[in-house]
Amino acid sequence: MPRTRVAIIGLGMAVGPHAKSLVDLKDKAEVAWAMSPTQARREAFARNFPFPTTGDLDQVVGDRSVDALLVLTPPNTHLEIVRKAASAGKHVLLEKPLDVNTERATAIVAACDKAGVKLGAVLQHRFRPASLRVKQVLREGRLGRIA
């Protein structure tokens, strides 16, 4: 089964856990690119992870071998990146929130729908103690019936 080719967009504070997961998923996913416009971030990232880096978003989006983008940039940058990715036929996984307001988030969804690509949002809090406790309380039915 061929591996999904992924590009990481944004090499700031959120990238570490995502990159570690992609290393663990090397049998299922291959990181084609790790992109940041900041050279210092690319260099710091490259010291810790074995993925090719670039500062050129258009290079990443134009790479026909890339199936999907993992977007870890600040929310106010998401709409522009998603529009480029979707128009190039790339699926998108966004670090939450989708964007800075409902109008822009709706535009992100519309761009992906129009292009026929999948859009997902990262909700990484599911393993935090508070989230695990909520799951337990729900499972025990202590909050009543959830519709």
Side-chain angles (χ1 to χ4, degrees), residues 1-136 138-139 146-147:
M1 179 174 181
R3 294 183 294 174
T4 300
R5 293 209 10 114
V6 177
I8 303 169
I9 309 300
L11 304 180
M13 295 185 324
V15 76
H18 294 284
K20 288 176 186 175
S21 293
L22 287 164
V23 168
D24 292 343
L25 291 169
K26 66 181 178 271
D27 293 338
K28 296 179 181 186
E30 177 183 1
V31 177
W33 296 105
M35 182 269 166
S36 173
T38 307
Q39 182 175 346
R41 287 195 176 176
R42 291 191 307 269
E43 290 171 356
F45 180 82
R47 284 192 292 273
N48 295 307
F49 297 100
F51 308 133
T53 61
T54 183
D56 186 353
L57 178 62
D58 291 332
Q59 177 185 20
V60 173
V61 171
D63 184 338
R64 291 182 171 202
S65 75
V66 173
D67 301 304
L69 271 59
L70 172 57
V71 181
L72 307 175
T73 59
N76 65 321
T77 66
H78 289 178
L79 181 55
E80 177 187 351
I81 293 168
V82 171
R83 282 180 172 157
K84 284 184 177 190
S87 68
K90 312 295 184 203
H91 303 292
V92 179
L93 181 60
L94 284 175
E95 180 67 51
K96 63 168 183 29
L98 292 187
D99 210 291
V100 296
N101 62 42
T102 303
E103 181 180 332
R104 289 174 59 91
T106 300
I108 285 172
V109 173
C112 291
D113 284 348
K114 180 180 178 184
V117 297
K118 294 177 183 171
L119 171 66
V122 176
L123 301 171
Q124 76 278 19
H125 297 290
R126 65 190 180 276
F127 297 115
R128 291 189 176 179
S131 297
L132 293 173
R133 181 74 177 129
V134 168
K135 182 179 177 181
Q136 178 185 355
L138 287 170
R139 187 175 47 246
I146 306 297

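Throughout, numbering of the chain's residues begins at 1 and tracks the sequence.
Judged by distance alone, with hydrogens and angles left aside, the side-chain atoms of Asp99 form a donor-acceptor pair with the main-chain N or O of Leu79 at under 3.5 Å. A donor-acceptor pair under 3.5 Å is absent between the side-chain atoms of His78 and the main chain of Arg104, judged by distance alone.
To the nearest 0.5 Å, the span separating CG on Leu69 from NZ on Lys84 amounts to 11.0 Å. Annotation: the span from Thr54 atom OG1 to Arg42 atom CZ amounts to 6.5 Å, rounded to 0.5 Å. We find the OG1-CE distance between Thr53 and Met35 to be 10.5 Å, quoted to the nearest 0.5 Å. Interatomic distance, CG of Leu93 versus CG of Leu70, reported as 5.0 Å (0.5 Å rounding). With rounding to the nearest 0.5 angstrom, the NZ atom of Lys118 is 15.5 Å from the NZ atom of Lys90.
Side-chain contact between Leu57 and Glu80: absent, with no pair of heavy atoms (C-beta onward) separated by less than 4.5 Å. Residues Lys96 and Val122 are not in side-chain contact: their nearest non-hydrogen atoms beyond the backbone lie 4.5 Å or more apart. At least one side-chain heavy atom of Phe45 sits less than 4.5 Å from a side-chain heavy atom of Ile8.
Counting only residues at least two apart or on different chains, the side chain to side chain donor-acceptor pair (under 3.5 Å) pairs with a member in residues 30-40 are Arg3-Glu30, Arg5-Glu30, Trp33-Asp63, Gln39-Glu43.
With 3.5 Å as the limit, one finds a donor-acceptor pair spanning the side chains of Arg133 and Gln136.
Shown here for Gly10 and Thr73, the closest heavy-atom pair between the two residues is CA-CG2, 3.8 Å. Heavy-atom minimum distance, Leu11 versus Arg41: O-CD, 3.8 Å. Taking each heavy atom of Ala32 and Pro52 in turn, the nearest pair found is O-CG, 3.2 Å. Closest approach of Glu95 and His18 over heavy atoms only: OE1-NE2, 2.8 Å. Heavy atoms only, all atoms of each residue included: Ala111 and Arg83 are closest at CB-CG, 4.2 Å. Scanning both residues, Phe49 and Gly16, for their nearest heavy atoms gives CZ-O, 3.9 Å.
In summary, of the residues considered (Val71, Leu94, Ile108), a side-chain contact (heavy atoms from CB on, under 4.5 Å) with Ile81 occurs for Val71 alone.
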